[in-house]
Amino acid sequence: MEKVFRAVKVTDRVYWVGVIDWVLRNFHGYTTHEGSTYNAYLILADKVTLIDTVKAPFKDEMMARVASVIDPRKIDYIVSNHSEMDHSGSLPWMVEQVRPEKVFASVMGAKTLKELFHWDVEVVPVKTGDTLDLGYMKLSFIETRMLHWPDSMFSYLEEEGVLFSQDAFAMHLASSEIFADELGRDLLEREAATYYANILLPYSPLILKLLKQVNEMGLKPKVVATDHGPIWRRGEDIAWILGLYEKWALQKPTGKAVVVYDTMWGSTDLMAKTLADGLASGGALVKLMPLGGSHRSDVAAEILDAGALLVGSPTLNNNVFPSVADILTYLKGLRPQNLIGVAFGSYGWSGESVKQVREVLDAMKVEVVGEVKSKYVPTKEVLQECFQLGFQVAQKLEEICGGV
Ligand code: FEO
């Protein structure tokens with residue numbers, strides 16, 4: 001059955017031909033409460049050019065949107081800004097369908113596409129500063145290695161001022177409004193921050209370098225066309241999201257403390273709540289996140305603007321609780337910076353969990369302020385220790401950053 005979907009005009013010569021994934025709730029382990037989009041763009045120049053493709057199961061939807069403005073067989077070039085499967089999954093199929101004259105990717109992208117698809121399609125490698133003549137317009141390229149894959153790059157259509165930024169400045173948000181100015185700032189900030197925390201956080205030093213590079217190049221895009229979520233087309237919105245990226249990449253500590261824990265019979269829960277009380281009494285802003293009801297990607301988002309991370313776990317079979325092992329593995333990979341912390345937890349007889357939590361916090365370069373353990377149910381003395389430790393963390397946060 002031929003599908004009917006429309007393209008959306010972005011500028012005079014650029015159309016959005018992406019797809020909306022309303023039902024996505026799991027993006028490789030990141031909970032996407034609001035679904036997502038996989039954005040692709042069509043440039044109507046002498047050389048008709050498709051920027052990126054979409055996740056494979058959505059290929060017909062993308063094709064229908066292309067067909068709503070042009071015969072897809074008129075596509076001359078395909079540019080792959082990022083090889084990850086949500087943007088390249090339907091590339092082999094698209095190449096087969098439209099037989100473009102050329103496919104372009106960054107140097108690493110050309111290599112990655114070959115390794116992903118084991119195909120013999122020739123991909124033309126492009127480097128930072130290379131340009132591609134599309135007739136009366138041209139595309140230029142900026143490699144953005146490790147943002148967030150080695151192959152990642154930006155493409156810039158100077159004549160229309162459109163920066164195709166792949167995953168950068170993106171968010172997982174399914175919406176029939178495809179422009180950021182049609183949506184509220186609170187929603188945009190929450191979803192962009194969650195995306196940054198879960199996808200880009202480990203590469204924050206590179207983000208700072210890239211922002212500097214873009215500035216030095218004098219690049220002033222009128223439109224930032226991302227690969228997920230809404231398109232930024234107002235100058236004030238572009239400046240706002242760039243400013244947020246700088247803030248998130250710097251990871252300056254704040255007076256906010258995130259308490260993450262799980263519990264077996266309520267002892268670690270009671271310790272967590274008492275630590276939270278001590279934190280609040282000391283002036284910290286507290287976010288308590290029991291892992292029974294908090295997803296790892298939401299925890300990551302909360303940590304993005306925090307100054308302290310307190311992690312609690314009961315001991316189970318000589319180990320940390322499985323949910324705590326999960327969050328610690330995830331957070332360690334995301335490499336948050338500039339945090340102080342606490343390890344805490346309850347146990348029955350062996351009690352290894354607190355030491356194990358502490359070891360991971362040390363490996364993450366979290367400055368551990370203290371630890372507290374409880375044998376079985378916490379006594380009044382242990383709870384006083386928890387309160388005091390929470391208070392001490394809040395005071396240290398105050399010293400570091402002057403409070404919230
Ligand atoms: Fe949206 Fe890194 O793929």
Side-chain angles (χ1 to χ4, degrees), residues 16-41 50-59 61-62 78-94 103-117 123 141-155 163-175 178 180 188 191-204 206-207 210 224-232 241 245 248-249 296-297 300-301 330 333-335:
W16 173 81
V17 290
V19 303
I20 305 175
D21 187 347
W22 295 97
V23 300
L24 182 80
R25 291 296 177 270
N26 180 351
F27 186 88
H28 60 49
Y30 160 1
T31 284
T32 46
H33 303 285
E34 302 280 352
S36 193
T37 69
Y38 313 111
N39 299 336
Y41 300 93
L50 179 68
I51 306 280
D52 284 326
T53 63
V54 300
K55 202 169 168 180
F58 295 86
K59 61 185 188 336
E61 184 176 333
M62 171 184 63
I78 300 181
V79 173
S80 169
N81 274 335
H82 181 22
S83 309
E84 194 164 6
M85 291 296 213
D86 47 337
H87 310 298
S88 70
S90 55
L91 179 60
W93 178 82
M94 202 61 186
V103 177
F104 299 87
S106 67
V107 174
M108 291 304 289
K111 191 168 172 284
T112 308
L113 290 171
K114 263 202 177 346
E115 288 166 351
L116 276 175
F117 301 125
V123 179
F141 304 103
I142 305 167
E143 290 164 286
T144 59
R145 284 192 189 193
M146 294 319 298
L147 288 175
H148 68 121
W149 275 27
D151 57 85
S152 305
M153 72 171 182
F154 289 173
S155 300
L163 179 70
F164 301 99
S165 67
Q166 40 93 23
D167 282 344
F169 317 117
M171 65 189 78
H172 285 311
L173 175 61
S175 161
I178 74 152
L188 294 171
E191 295 306 328
T194 304
Y195 188 92
Y196 187 96
N198 283 278
I199 304 281
L200 297 170
L201 188 63
Y203 311 107
S204 292
L206 294 175
I207 299 260
L210 179 69
V224 175
T226 70
D227 270 359
H228 298 288
I231 297 162
W232 309 93
I241 189 68
Y245 262 56
W248 295 331
R296 66 174 88 85
S297 43
Y330 193 68
L334 292 175
R335 302 201 289 272

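Read the numbers this way: they start at 1 and go in the same order the structure lists the ligands and their atoms.
Under the 4.5 Å side-chain criterion, counting only non-hydrogen atoms from C-beta, T144 is in contact with Q166. You'll find the side chain of M171 reaches within 4.5 Å of the side chain of P230, heavy atoms only. Contact annotation: the side chain of D167 approaches that of H87 to within less than 4.5 Å [non-hydrogen atoms, C-beta and beyond]. V79 places none of its side-chain heavy atoms less than 4.5 Å from the side chain of F164.
A tilted orientation is assigned to the rings of W248 and Y245, their planes being inclined by 30° to 60°.
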For Y196 and S204: C-alpha separation, side-chain torsions, deciding distance, then whether side chain to side chain donor-acceptor pair (under 3.5 Å) applies. CA-CA 9 Å; Y196 187 96; S204 292; 2.8 Å; yes
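Near atom 1 (Fe) of ligand 1, less than 2.8 Å away, sit the protein N, O or S atoms D86 OD2, H87 NE2, D167 OD1, H228 NE2.
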